[in-house]
Amino acid sequence: NCLVILPTGMGKTAISLLLTVHRLNEFPESKALICSPTKPLCNQHVKTFSEHTTINKDEIILYTGLIKPEDRKELFRKGKIIIATPQTIEKDLESKKISLEEFSTLTIDEAHRSRMAYANTAVAKLYLQQANNPRILALTASPGASREKINEIMENLNIETVEIRTEYDGEVSPYIQEKKITWEEVELPEDFKAIISKLKYLYKERVGKLKNFGLTKPVSLISKRDLLSFQRNMQGEIQRGNKAAFTAISLIAQCIKLDYAIELIETQGLSQFNEFINKLSIEDTKAAKAISSTKEIKEAMLLAESLIEKNIIHPKMEKLRLIASDLINKNADVKIMIFANYRNTVKGIASLLSDLKYLKPIELMGQKEGITQKKQLEKIKEFEEGKYNVLVGTSISEEGLDIKDGADIAIFYDAVPSEIRKKQRSGRVGRLKAGEIINLIAKGTRDEAYRWVSYRKEKSMENIIERIQKEEQSKLT
């Protein structure tokens, strides 16, 4: 059972295909299972196996939760290759609708998700228990920034060996395309800073009250993780009969909501902030009511609304408009992918760019946002074929998505603190030809903080991968 760590666009899917065919030849009566985290990725695997093997296309099955349970059972029975999200397989295994007894290979795509109680872990465990001739192949470009994370993946998938190739290895380096990386910084307007100041006042006030309950860290150093950890402590206090801890729980919830509101103003925009506060105002929780009724929030809302009426947008939006317009003027055939963390930001960007000449944006969001799998695949195809030249997406567009001929430019509207997500985003360009990555950063905000967090984690991940590679090589000598 092998974990393969390989840069994006370097043929992880081809390895899966070759191993699968090999195992099916070795065990002719067996089947193969490929688990991939999203439906667009599953569809890509179906396409790959259909185009590059002689297996009957009717036996290459896209197995999803959208298919009726009774129909799924029949498809599973007749399929030679089952391609599915791990959640669907886990659900049907738990209900005993299916068995993996006949399967000679299991591919876990985007294996960095195989941590804690994620579905990959459950599927791998049951597979090893049920299969007559088990073999697991786990694939990822970004296993994580700590040895503990990688060890957890290996343990959960019963990995026995690791194969690693980095972009510096002789087998890989000739095929690595150049990626030009630039950082475009913008300054927040004073009106934005005034709104943030009001929110920070409320945040600091509530954190100050939490010190009475034992939170000792300085306000400036407290992270969301600290708040969640303290929340767990207070829940423990409640179970021990400490009723005062209910007040602390409410204060922590207020801090988390205020921290989120600050992030929206700093990194996203005015409408995103307003939408969040409007939702808070109709929430029935004590924390939501305590925030939305404050003078500072009401003043912040009024200021934000007045700026929206004046058509003032986040400076990153202005910068994005200029960059996109310049790119299309320089190259009429350019293909651009834009990544943003929030659904309403994706919508805002698409709307903004649709007003510009020659720019034809299309949105790509997950099924949680009500987008059907069919619609997702249609949008990807329309972008590939050039009907649209800008694809604006949430996290679904980051992971493993193989756009035909690749995108020329990737623009990160916001920074992410995750080395895995940063690596995944970067992998959408420079696959078959040189590409460019443009990072938008609002100075003095968590955009800046996240930039350096992900940079440090990415370097840490590279160092760990290098160490594991040397360890694996030493076993062979």
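Along the sequence shown, residues are numbered consecutively beginning with 1.
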Examine F339 together with F412 and report whether their ring centres are nearer than 6.0 Å.
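Yes, they do, as the ring centres are separated by less than 6.0 Å.
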Check each of I409, V346, I323, V392 against I338 using the side-chain contact (heavy atoms from CB on, under 4.5 Å) test, and report the only one that passes.
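So the option named by the test is V392.
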Provide the closest heavy-atom pair for N439 versus W183 in the form atom of the first, atom of the second, distance.
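Taking every non-hydrogen atom into account, CB-CE3, 3.1 Å.
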Listed partners of E184 passing salt bridge (charged side-chain N to carboxylate O under 4.0 Å, His left out), at least two apart:
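Testing E184 for salt bridge (charged side-chain N to carboxylate O under 4.0 Å, His left out), a comparison that skips the adjacent residues, returns K319.
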May I ask you to decide if K335's main-chain N or O and D408's side chain share a donor-acceptor pair within less than 3.5 Å?
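Yes; at least one donor-acceptor contact below 3.5 Å.
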Test Y203 against I222 for side-chain contact (heavy atoms from CB on, under 4.5 Å), laying out the working first.
CA-CA 11 Å; Y203 178 82; I222 290 171; 3.9 Å; yes
Pairing of E318 and R321 as salt bridge, 4.0 angstrom limit:
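Salt bridge flag = yes for R321 with E318.
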If you count heavy atoms of other groups shown closer than 6.0 angstrom to NZ of K204, is the number above 12?
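Not buried by this count: 12 neighbours or fewer within 6.0 Å.
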Kindly give the heavy-atom pair with the smallest separation between A145 and I464, and that separation in Å.
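Taking every non-hydrogen atom into account, O-CD1, 3.1 Å.
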Taking all non-hydrogen atoms of both residues, which atom of L353 and which atom of L320 are closest, and how far apart?
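Nearest heavy atoms, L353 then L320: CD2-O, 4.5 Å.
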Give the minimum heavy-atom separation between P7 and E167, together with the two atoms involved.
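Minimum heavy-atom contact is CG-N, 3.8 Å.
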Where the side chain of S197 meets the backbone of A194, is there a donor-acceptor pair that is under 3.5 Å apart?
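Here the side-chain-to-backbone pair does not exist.
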Close side-chain approach of L62 to K39, heavy-atom, < 4.5 Å:
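Heavy-atom side-chain distance check fails, nothing below 4.5 Å.
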Minimum side-chain heavy-atom gap F192-I265 below 4.5 Å:
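Yes, their side chains come closer than 4.5 Å.
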Gap separating the CD1 atom of I150 from the CD1 atom of I5, nearest 0.5 angstrom
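Those atoms lie 5.5 Å apart.
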Can you find a heavy atom in the side chain of I468 that is under 4.5 Å from one in the side chain of E472?
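SC-SC contact between I468 and E472 confirmed.
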Determine whether K279 and E275 satisfy the following criterion, salt bridge (charged side-chain N to carboxylate O under 4.0 Å, His left out), listing intermediate values before the conclusion.
CA-CA 6 Å; K279 281 181 182 175; E275 186 178 315; 3.7 Å; yes
Is the shortest side-chain heavy-atom distance between S460 and S146 below 4.5 Å?
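No, every pair of side-chain atoms sits at 4.5 Å or beyond.
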Sole residue of K224, R446, K200, Q254 in side chain to side chain donor-acceptor pair (under 3.5 Å) with D259
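So the option named by the test is R446.
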Option passing side-chain contact (heavy atoms from CB on, under 4.5 Å) with D447 (candidates V416, L440, D414):
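Looking at V416, L440, D414, the match for D447 under the side-chain contact (heavy atoms from CB on, under 4.5 Å) is D414.
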Does K193 have more than 12 heavy atoms from other residues, nucleotides or ligands lying within 6.0 Å of its NZ?
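Count over threshold, so yes.
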Do any N or O atoms from the side chain of T267 and from the backbone of E263 form a donor-acceptor pair under 3.5 angstrom?
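Between the backbone of E263 and the side chain of T267 there is a qualifying donor-acceptor contact (under 3.5 Å).
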Stepwise side-chain hydrogen bond (donor to acceptor under 3.5 Å, both in side chains) check, S354 with S351
CA-CA 5 Å; S354 64; S351 175; 4.8 Å; no
Side-chain ion pair, E283 and K289, N-O less than 4.0 Å
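A salt bridge is absent here (no side-chain N lies under 4.0 Å from a carboxylate O).
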Is a side-chain N or O of K180 found less than 3.5 angstrom from the main chain of I437, in a donor-acceptor match?
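Pair absent, no side-chain N/O of K180 close to backbone of I437.
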Please answer whether the main-chain N or O of G444 pairs with a side-chain N or O of E448 as donor and acceptor at a distance below 3.5 Å.
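Side chain of E448 to backbone of G444: a pair is present.
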Distance from I159 atom CD1 to M154 atom CE, nearest 0.5 Å?
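The CD1 atom of I159 sits 7.0 Å away from the CE atom of M154.
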To the nearest 0.5 Å, what is the distance between CG (L210) and CG (L251)?
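So the gap between those two atoms works out to 5.0 Å.
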Donor-acceptor under 3.5 Å (H45 side chain, L17 main chain)
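Checking the backbone N and O of L17 against the side chain of H45, no donor-acceptor pair under 3.5 Å is found.
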Test log, rule side-chain hydrogen bond (donor to acceptor under 3.5 Å, both in side chains), inputs T345 and Q272:
CA-CA 7 Å; T345 301; Q272 291 88 334; 2.9 Å; yes
Salt bridge (charged side-chain N to carboxylate O under 4.0 Å, His left out) between E163 and R165, intermediate numbers included:
CA-CA 7 Å; E163 285 288 347; R165 301 294 183 275; 3.0 Å; yes
Less than 4.0 angstrom from a charged side-chain N to a carboxylate O is my criterion; do E299 and K295 meet it?
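Salt bridge present between E299 and K295.
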Give a yes or no answer on whether the side chain of S325 reaches the backbone of L322 with a donor-acceptor pair at less than 3.5 Å.
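Such a contact is absent between S325 side chain and L322 backbone.
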To check you understand the geometry: which heavy-atom pair defines the closest contact between K149 and P143, and what is its length?
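Residues K149 and P143, closest heavy atoms: CB-O, 4.4 Å.
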Between N331 (side chain only) and D333 (backbone N and O only), is there a donor and an acceptor less than 3.5 Å apart?
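Confirmed, N331 side chain pairs with D333 backbone.
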Cation over ring face, K316 and Y413, 6.0 Å, 45°
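Verdict for Y413: a cation-pi partner in K316.
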Between the main-chain N or O of S16 and the side-chain N or O of D109, is there a donor-acceptor pair closer than 3.5 Å?
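No; zero donor-acceptor contacts below 3.5 Å.
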Where the side chain of S173 meets the backbone of D169, is there a donor-acceptor pair that is under 3.5 Å apart?
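Here the side-chain-to-backbone pair exists.
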Rounded to the nearest 0.5 Å, what separation is found between the CD1 atom of I81 and the CG atom of L33?
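The CG atom of L33 is 10.5 Å from CD1 of I81, to the nearest 0.5 Å.
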Would you call K217-D226 a salt bridge at under 4.0 Å N-O?
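Yes, K217 and D226 are salt-bridged.
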Could you tell me the separation between the OG1 atom of T166 and the CD atom of Q469, rounded to the nearest 0.5 Å?
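Rounded to the nearest 0.5 Å, the OG1-CD separation comes to 5.5 Å.
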In sequence, state the C-alpha distance, the side-chain angles, and the governing distance for Y260 and F276, and then conclude on ring pair (Phe, Tyr, Trp, His ring centres under 6.0 Å).
CA-CA 9 Å; Y260 182 71; F276 175 64; 4.7 Å; yes
How far does OG of S36 sit from CG of L139, to the nearest 0.5 angstrom?
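One gets 9.0 Å once the value is rounded to the nearest 0.5 Å.
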Between Q268 and H314, is there a side-chain heavy-atom distance shorter than 4.5 Å?
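A side-chain contact is absent here, since even the closest heavy-atom pair is not under 4.5 Å.
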Can you list the steps and then say if E382 with K387 is a salt bridge (charged side-chain N to carboxylate O under 4.0 Å, His left out)?
CA-CA 5 Å; E382 286 170 339; K387 184 177 178 182; 3.5 Å; yes
So do the side chains of V172 and L6 get within less than 4.5 Å of each other, counting heavy atoms only?
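Yes, at least one pair of side-chain atoms sits under 4.5 Å.
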Give the minimum heavy-atom separation between R451 and A415, together with the two atoms involved.
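In this case the closest contact between R451 and A415 is N-CB, 4.0 Å.
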Salt-bridge present (E436, K179; N to O < 4.0 Å)
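Salt bridge flag = no for K179 with E436.
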Side chain proximity check, L352 to I313, heavy atoms < 4.5 angstrom
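L352 vs I313: side chains touch.
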